[in-house]
Amino acid sequence: MPDNILDSDENWEPDTKETFVCHAELNAVLNRGANDVTGCKMYVTYYPCSNCAKVIIQSGVKEVVYYDMYSDKRKKDGEAAKKMLQDAKVDIM
């Protein structure tokens with residue numbers, strides 16, 4: 001959850017989770033401090049969603065290493081993320 005937002009069961013419900021949760025990719029870029037992440041490698045658990053792909057591209061990260069894909073229900077979003085990352089020449093491993 002973002003700072004100062006209650007980490008309640010209600011906010012983790014399937015219908016509201018995506019609205020409230022701050023993904024790891026966004027958290028990493030926002031909390032980098034004064035460090036420049038241009039050209040860096042990012043390690044994540046799941047393939048980035050389309051919103052995180054935009055953050056990755058805009059931050060200058062050049063490589064993303066992921067462990068697993070999301071389920072089929074996020075296929076369309078995953079395809080958009082893949083296209084954006086490929087077009088921006090961000091390597092995905």
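One is the number of the first residue; the rest follow in order along the sequence.
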Gap separating the CD1 atom of Ile92 from the CD1 atom of Ile56, nearest 0.5 angstrom: 6.5 Å
Is there a path of hydrophobic side-chain contacts, each under 4.5 Å between heavy atoms of I, L, V, M, F, W or Y residues, that connects Val55 with Val21? no
Met42 and Glu63, any side-chain heavy atoms less than 4.5 Å apart: no
Value for CZ (Phe20) from CG (Leu6), rounded to nearest 0.5 Å, stands at 9.5 Å
Sorted by first residue and then second, give each salt bridge (charged side-chain N to carboxylate O under 4.0 Å, His left out) pair with at least one member in residues 83-93; sequence neighbours left out. Lys83-Asp87
Evaluate the side-chain proximity of Tyr67 to Val44: yes if any heavy-atom separation is below 4.5 Å, no if none is. no
So do Met93 and Tyr66 actually touch side chain to side chain, heavy atoms under 4.5 Å? no
Test: side-chain hydrogen bond (donor to acceptor under 3.5 Å, both in side chains). Region: residues 32-42. Which pairs qualify, not counting sequence neighbours? Asp36-Thr38
Non-hydrogen atoms of Cys40 and Val61 that approach each other most closely: O-CG1, 3.3 Å
Heavy-atom check, side chain of Cys49 versus side chain of His23, under 4.5 Å: yes
Between CG of Asn31 and CG of Asn27, what distance do you get to the nearest 0.5 Å? 5.0 Å
If you define the side chain from C-beta out and look only at heavy atoms, does anything of Met84 sit under 4.5 Å from Ile57? yes
Heavy-atom count check: over 12 atoms from other residues, nucleotides or ligands less than 6.0 Å from Lys62 NZ? yes
How would you list all residue pairs meeting side-chain hydrogen bond (donor to acceptor under 3.5 Å, both in side chains) that involve residues 43-57, not counting sequence neighbours? Ser50-Asp77, Asn51-Lys54
